[in-house]
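Note sheet for the following structure.
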Protein chains: 2
Amino acid sequence: MSKATINSVAKYAGVSKKTVSRVLNEEPNVSTATREKVQQAFKDLDYRPNPIARGLAHNRSFIIGCIYDNPSKSYITRVQTGALLACHEKNYNLLIHPCELRGQALLDNIDALIRRTRLDGLVLTPPFSDQKDILEFLKSKNIPYARVAPGTLDDDSISVRSNDEQAAFEITELLISLGHKDIAFIKGHPDHSSTTLRFSGYLKALKKNNIEFKPELVDEGNFSYHSGEDSARKIFNLSKKPSAVFASNDYMAAAVLKVASQLSLKVPEQISIAGFDNAPIARHIWPGLTTIAQPVEKMTYTAISKLIEQFTEQDEKIPLHQETLEAQLIIRESTDKVKS
Amino acid sequence: MSKATINSVAKYAGVSKKTVSRVLNEEPNVSTATREKVQQAFKDLDYRPNPIARGLAHNRSFIIGCIYDNPSKSYITRVQTGALLACHEKNYNLLIHPCELRGQALLDNIDALIRRTRLDGLVLTPPFSDQKDILEFLKSKNIPYARVAPGTLDDDSISVRSNDEQAAFEITELLISLGHKDIAFIKGHPDHSSTTLRFSGYLKALKKNNIEFKPELVDEGNFSYHSGEDSARKIFNLSKKPSAVFASNDYMAAAVLKVASQLSLKVPEQISIAGFDNAPIARHIWPGLTTIAQPVEKMTYTAISKLIEQFTEQDEKIPLHQETLEAQLIIRESTDKVKS
DNA sequence: CTCCATTGTGACACCGGTGTCATGCCCTTT
DNA sequence: AAAGGGCATGACACCGGTGTCACAATGGAG
């Protein structure tokens, strides 16, 4: 029955509701005696301000929206975990918005979301972080936004990412250091900037180690398990099989592992396999996948924290709102020295 | 710049704001001419009502909360999918609330959620659907709620479930029909009612087919992959190994598969394995897992739809707010006839 | 002792909708 | 013709907070 309103508190404390409001918002110019009286009333009446009324007065909703379209449930969950943490810290609510659309339909859909909820800000996760039409649309509607894991920092918006290219470089170098020279690569979905970045890291590692790049060892996937199966079959059908496969994410890597075991290719004895993302499946299959762990929760947490801070403080000190966090190489059983 | 408010619409259409409100809410007693005039104004001004103001006037938030604590990311995502669908249809927003607490801390946490957001209703998913203290707490605070997949229908609240016991019965009978007699069972987390139900289905199938129940073939897991590994090692260490293992969910079943392959036990030639839930991992490992698919999205969708309908219509017709949906047996490669 | 700046406080309008009630009108009914 | 009922509409208060401004009390400077 928490029916306490600002009026009942004011009456109880014997002050005006404006004064109660001042105490609530920790405004200056309230005498200590009055403040304590009001705070006692808060406790006695078990009062909590009504966020809806506050929202109406401020023309704010205290809602942050999070847009995603990602086949990986674990990625989504991690994004949500970080997002919720940041929102709760700042007394905001999080609205999740999975969304498979593209193009104008996508913009209309986001528009509807904004108008329906009057959200205060939006977090974009891949692949939306890189879609220019969305960024421009949000700017035109004057909706603050932050980007998680964008491919480029060409924008002056809040952006938090990890270094996919560097991580892909490292994992490729790991394979090279194990003696692998014929390393197949399975690309991700072309909409995702990480697809380009990871491929680029792979290429740089080959180049640095003077290993010839063989286009036939590269196949295009789309991050789905199914696409990984297709690519694996193609790759294992080559007359000269590679000794290692680096897939752009763990689902595809898991599919490679499955196809390998269907073909009775032993992993890692005959084939080394590496993935990316450190999805749960990476340690739920046997052998466990060597992969890259990204700080997904932390990226999202940071992005939202910065976003909320940005429209809370009107000081235009504008620190550079862009940050790159460390990813981590995780070595499991799916990679080993080349045998020959 | 959608700045249109009900006042600007009223001015534009040359009527009072109350009349605009009437058109908005499709109330009777508005002349056709007036209605059309106002609707034209809506279009011309690109007007959308402000849900926050509406919420304040109604003392409603148009927010549904969803509480869960489930290790399975895919289950959570499916719950969210169904929940969002229902909420959007009814113009509500969904607030997700993952929550690992128990006991009083949990109640305090839920209380804080309710007060912070003023949500209109709550959906409970396992294991919270069965926690009496939560149900009583919500009743005492007069918060409407719906339960997804509760173990018992002892409550008069909205409840939507699928028949876990029946499904476990069917999958056990499948194994029996393949000639298995020594069927190990791995239980789930004791907090979840499905743990009891699935075990009970297993027992009933044994009994019906006159197969002796052997307690040493049952081990207690907790739905996690890790617990499945432990149980599998125990089971495969028995002097008389079973010919089949039925794990209470797919993560544990996948772990059984991993341990089997570490021990060079061929699946399904030497060991048949069955899971439950049809999680993505069930088809991402090799061989694919025979399992049970539950209509998780539909259960959640139905629960929320009923919940919102309940507090929308004040007619006290009270249809029975409880529903049981069908689960489906999915046969993949991990189960086969017993060889001996 | 005045003057003025600062501090503490409350009255009041406002955010954008909804509920209540009064009013004026038209059409029956007797 | 008078009375009564239903329909269409608007004035106004209200939901629970916040912003603006006025004003009294206080205190330090001249």
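All values below come from the heavy atoms of this structure, side chains included, with hydrogens, waters and symmetry mates left out. Letters A, B, ... mirror the listed sequences (proteins, then strands); counts begin at 1.
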Looking only at side-chain N and O atoms, does [X] come under 4.0 Å of OP1 or OP2 in [N]?
{"X": "Thr5(A)", "N": "dC15(D)", "result": "no"}
{"X": "Thr19(A)", "N": "dG10(C)", "result": "yes"}
{"X": "Ser31(B)", "N": "dA8(D)", "result": "no"}
{"X": "Arg54(A)", "N": "dG16(D)", "result": "no"}
{"X": "Asn29(A)", "N": "dG8(C)", "result": "yes"}

* Give Asn59(A) one of three labels, base, sugar-phosphate or nothing, depending on what nucleic acid heavy atoms sit under 4.0 Å from its own. =>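 No contact at all - Asn59(A) keeps every heavy atom at 4.0 Å or more from the nucleic acid.
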* Asked: Under 4.0 angstrom, heavy atoms only, what part of the nucleic acid is Val20(A) near: base, sugar-phosphate, or nothing?
  ->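 It contacts nothing in the nucleic acid.
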Rounded interatomic separation in angstrom, taking [atom1] from [X] and [atom2] from [N]:
{"X": "Tyr47(B)", "N": "dG16(C)", "atom1": "OH", "atom2": "C1'", "result": "7 Å"}
{"X": "Arg60(A)", "N": "dG17(D)", "atom1": "CZ", "atom2": "P", "result": "17 Å"}
{"X": "Lys11(A)", "N": "dG16(D)", "atom1": "NZ", "atom2": "P", "result": "12 Å"}
{"X": "Ile52(B)", "N": "dG17(D)", "atom1": "CD1", "atom2": "C1'", "result": "12 Å"}
{"X": "Leu45(A)", "N": "dG16(D)", "atom1": "CG", "atom2": "C1'", "result": "15 Å"}
{"X": "Phe62(B)", "N": "dC15(D)", "atom1": "CZ", "atom2": "P", "result": "17 Å"}

Is the shortest heavy-atom distance from the side chain of [X] to the side chain of [Y] under 4.5 Å?
{"X": "Leu94(B)", "Y": "Leu95(A)", "value": "no"}
{"X": "Cys99(B)", "Y": "Phe128(B)", "value": "yes"}
{"X": "Ile67(A)", "Y": "Val123(A)", "value": "no"}

* Residues Asp46(B), Arg115(A): salt bridge by 4.0 Å N-O rule ->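 Salt bridge between Asp46(B) and Arg115(A), a charged N being under 4.0 Å from a carboxylate O: yes.
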* Asked: Going by atom types alone, do Arg116(A) and Tyr92(B) pair a side-chain donor with an acceptor below 3.5 Å?
  ->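 No donor-acceptor contact under 3.5 Å links the two side chains.
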* Does Lys17(A) make a side-chain donor-acceptor contact with the base of dG17(D), cut-off 3.5 Å? ->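 Pair found.
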* Asked: If only atom types and distance count, is the side chain of Gln322(A) paired as donor or acceptor with the main-chain N or O of Ser157(A) below 3.5 Å?
  ->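 Confirmed, Gln322(A) side chain pairs with Ser157(A) backbone.
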* Have a look at Glu323(B) and tell me which of Lys306(B), Arg161(B), Lys298(B), Arg147(B) forms a salt bridge (Lys or Arg N to Asp or Glu O under 4.0 Å) with it. =>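 Output: one option passes, namely Lys306(B).
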* For nucleotides 19-24 of chain D, read 5' to 3', which letter fits each nucleotide if B means a protein heavy atom sits under 4.0 Å from the base, S means only the sugar-phosphate is that close, and - means neither? -> BB----
* Want to settle it: does Thr34(B) or Ile6(A) sit nearer the 5' end of DNA chain D, counting the closest nucleotide to each? ->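 Looking at the nearest nucleotide for each, Thr34(B) comes out on the 5' side.
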* **Nearest-nucleotide pick for Leu56(B), side chain only, options being dG16(C), dT18(C), dG17(D)** =>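 It is dG16(C).
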